[in-house]
Asker: 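Pasting a structure below so you can have a look.
It should be emphasised that the depicted structure is a prediction, and the values quoted were computed from it without experimental measurement.
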Amino acid sequence: MIGHLAYAAGSPCPTFVLDAGRLPRDDGALLAHLAEARRYLVSAGGAHVLKIALVEPSAHPMFDLDYRFVQALPGAPDRFDLRGSCGHSILSAVVAAARSGMLPRLVPGARIRVQVLNNGDSVVCEVDRVERDGAAFTVTFVQSAPVPFGELLPAGAPRTPLVAGADRTEVSLVVSANAYAFVDARELGVPDQAALFGAGDELLGRLEALRAAAAGRLGWPSDGAFPKIAAVLPAEGGGIAARAVTVPGWHPSIALTGVVCLGTAVRIPGTVPWRIARENGADTGLLEIATTGGRTAVTAVTAAPGAAGGEGALLWATVARKSVTFQGSFVLTPLSHLQFEEVAQCLALSGAA
């Protein structure tokens with residue numbers, strides 16, 4: 001089997017892309033194959049590669065590509081979470097699929113329609129620019145029908161009280177592209193953007209504990225990857241500052257799905273992000289998000305209250321200026337000494353090998 005590596009700017013690691021048509025359909029057998037593949041990656045210096053994308057041409061007439069995300073978990077090569085999705089990995093998968101011939105060659109203006117099998121999302125990846133080693137995209141998460149705000153609140157309310165150790169605070173549990181818990185960083189003693197971006201292990205541990213409590217509230221495993229969590233507060237110069245947690249540790253920026261989810265949460269009255277956005281004059285139009293990795297922006301388009309049984313509804317959310325670098329392909333099995341070197345060369349492009 002051929003494996004591909006691609007890196008989306010802002011992601012914590014490259015994505016390992018595989019052809020789903022060459023893998024078992026049964027989850028048990030599939031995960032056994034993926035565990036073996038991870039062992040090969042670790043042997044070649046790729047222990048940091050924790051994102052796996054399984055792709056194949058879609059049989060559905062509305063889509064070009066079927067995509068399934070697998071989050072590898074630290075600690076052992078056979079630990080995975082199949083619950084969520086990853087926007088950065090979707091883009092990496094599109095670039096790898098085009099390089100492998102699964103999709104037509106990418107050209108500016110092309111639109112690749114992706115069906116996310118994990119959660120049913122529909123994602124349109126519009127090519128803005130093509131370069132020798134990658135491409136840039138505008139990404140839109142499209143709803144097949146307006147989704148009432150109430151369906152985006154898995155705990156049934158805009159804010160949910162959680163207890164984790166000494167922390168007793170409210171979070172907003174929102175599901176849009178991925179499930180997230182958003183907490184006002186000031187409730188955890190973090191006064192401003194500089195303090196949030198400079199925070200270390202102490203705040204990270206508190207957020208991880210709150211994330212585990214949020215997972216318990218949703219009936220999900222506390223040691224999995226979902227829901228994600230991000231601390232937010234008013235950003236300097238407008239918008240929202242966000243510090244997100246990934247697997248493992250601090251996210252270098254914020255997940256693409258986190259940008260979408262935060263943009264959606266800002267539109268839902270009563271949520272923590274909605275309150276912060278109104279405080280900072282960022283409650284309409286384009287939402288600017290400041291992160292430790294730079295600034296990004298999202299536009300979430302919603303239907304007005306009354307259009308969905310008396311409440312608002314999500315229509316779509318768009319994020320622009322997302323770039324991907326293709327890092328290479330290699331034969332996964334059997335691995336010869338030369339092939340180990342090829343894998344290591346691919347991984348070195350991400351600065352980890």
Side-chain angles (χ1 to χ4, degrees), residues 10-13 50-51 69 71 73-74 81 83-88 119 152-155 157-190 193 195-235 240-266 268 271-277 289-293 296 298:
S11 178
C13 69
L50 299 176
K51 296 181 182 295
F69 177 63
Q71 176 68 63
L73 300 174
D81 193 327
R83 191 177 300 276
S85 180
C86 176
H88 285 132
N119 58 16
L152 304 174
L153 302 172
R159 296 190 303 277
T160 301
L162 290 180
V163 177
D167 290 320
R168 292 168 172 79
T169 188
E170 287 186 327
V171 306
S172 289
L173 293 169
V174 181
V175 177
S176 179
N178 255 336
Y180 264 79
F182 296 110
V183 58
D184 189 328
R186 294 168 296 184
E187 297 295 319
L188 301 178
V190 180
Q193 177 177 314
L196 177 61
F197 290 176
D201 290 344
E202 192 269 339
L203 180 61
L204 175 63
R206 294 170 70 186
L207 288 175
E208 288 177 332
L210 281 170
R211 193 213 65 79
R217 177 65 176 80
L218 297 176
W220 297 354
S222 62
D223 61 348
F226 303 97
K228 301 290 189 178
I229 191 166
V232 294
L233 46 66
I240 290 181
R243 190 91 187 271
V245 176
T246 187
V247 179
W250 290 115
H251 199 290
S253 56
I254 185 172
L256 177 53
T257 55
V259 172
V260 170
C261 195
L262 182 53
T264 299
V266 162
I268 302 176
T271 66
V272 170
W274 175 86
R275 185 176 60 200
I276 291 174
I289 302 171
T291 76
T292 54
T296 187
V298 59

Asker: If every non-hydrogen atom of I240 is compared with every non-hydrogen atom of P273, which pair is closest and at what distance?
Answerer: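 Heavy atoms of I240 and P273 come nearest at CD1-O, 3.8 Å.
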Asker: Using 0.5 Å steps for rounding, measure from the CG atom of L173 to the CG atom of L162.
Answerer: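 Answer rounded to 0.5 Å: 6.0 Å.
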Asker: OG1 of T292 to CD of Q193: how many Å apart, nearest 0.5 Å?
Answerer: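 Interatomic distance, T292 OG1 to Q193 CD, rounded to 0.5 Å: 10.0 Å.
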Asker: Taking the side chain as everything from C-beta on, heavy atoms only, tell me whether L153 gets closer than 4.5 Å to V174.
Answerer: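 Yes; the side chains approach each other to less than 4.5 Å.
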Asker: Side chains of P248 and L50, heavy atoms from C-beta outward: is any pair under 4.5 Å?
Answerer: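 SC-SC contact between P248 and L50 confirmed.
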Asker: Could you tell me which non-hydrogen atom of F197 sits nearest to which non-hydrogen atom of A242, and how far apart they are?
Answerer: CE2-O, 3.7 Å
Asker: Quick one: NE2 on H88 to NZ on K51, what's the gap to the nearest 0.5 Å?
Answerer: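 Nearest 0.5 Å value for the NE2-NZ distance: 8.5 Å.
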Asker: When rounded to the nearest 0.5 angstrom, what distance separates CD in E208 from CH2 in W250?
Answerer: 8.5 Å
Asker: Strictly distance-based, threshold 3.5 Å: is any side-chain N or O of N119 a donor or acceptor partner for the main-chain N or O of A177?
Answerer: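 Checking the backbone N and O of A177 against the side chain of N119, a donor-acceptor pair under 3.5 Å is found.
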Asker: I need the minimum non-hydrogen distance between A181 and A214, along with the two atoms involved.
Answerer: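 Shortest heavy-atom contact: CB-CB, 4.2 Å.
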Asker: Any sub-3.5 Å donor-acceptor pair from T264's side-chain atoms to S176's backbone N or O?
Answerer: no
Asker: Using the rule side-chain contact (heavy atoms from CB on, under 4.5 Å), only one of I229, V171, T257 pairs with Y180; which is it?
Answerer: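 Of all the options given, the one that passes is T257.
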Asker: Specify the closest pair of heavy atoms between A277 and V266, including all atoms of both residues, with the distance to one decimal.
Answerer: CB-CG1, 3.6 Å
Asker: Output the distance between atom CG (L262) and atom CD1 (I289), rounded to the nearest 0.5 Å.
Answerer: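 It comes to 4.5 Å.
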Asker: List the atom of F182, the atom of G258, and the distance in Å for their closest heavy-atom pair.
Answerer: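 Looking at all heavy atoms of both residues, the shortest contact is CZ-O, 4.4 Å.
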Asker: Which atoms form the tightest heavy-atom contact between R217 and A155, and what is the distance?
Answerer: NH2-O, 3.4 Å
Asker: R243 and side-chain contact (heavy atoms from CB on, under 4.5 Å): which partner among T291, L196, L203, I254?
Answerer: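 Only match with R243 under side-chain contact (heavy atoms from CB on, under 4.5 Å): L196.
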Asker: Using side-chain heavy atoms (C-beta onward) and a distance below 4.5 Å, is T296 in contact with S253?
Answerer: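 A side-chain contact is absent here, since even the closest heavy-atom pair is not under 4.5 Å.
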Asker: What's the verdict on side chain to side chain contact (heavy atoms under 4.5 Å, CB included) for I276 and R186, showing C-alpha distance, side-chain angles and the deciding distance?
Answerer: CA-CA 11 Å; I276 291 174; R186 294 168 296 184; 3.8 Å; yes
Asker: Does the side chain of L204 come within less than 4.5 Å of V245's, by heavy atoms?
Answerer: yes
Asker: With distance as the sole test, does S172 use its side chain to make a donor-acceptor pair with the main-chain N or O of P158 at under 3.5 Å?
Answerer: yes
Asker: Looking at S222, is its backbone amide N or carbonyl O close enough to the side chain of R211 to form a donor-acceptor pair, meaning the two atoms are under 3.5 Å apart?
Answerer: yes
Asker: Can you tell me how far apart OG1 (T246) and NZ (K228) are? Round to the nearest 0.5 Å.
Answerer: 4.0 Å
Asker: Would a distance-only check, ignoring hydrogens and angles, find a side-chain to backbone donor-acceptor pair under 3.5 Å from R206 to L188?
Answerer: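 Confirmed, R206 side chain pairs with L188 backbone.
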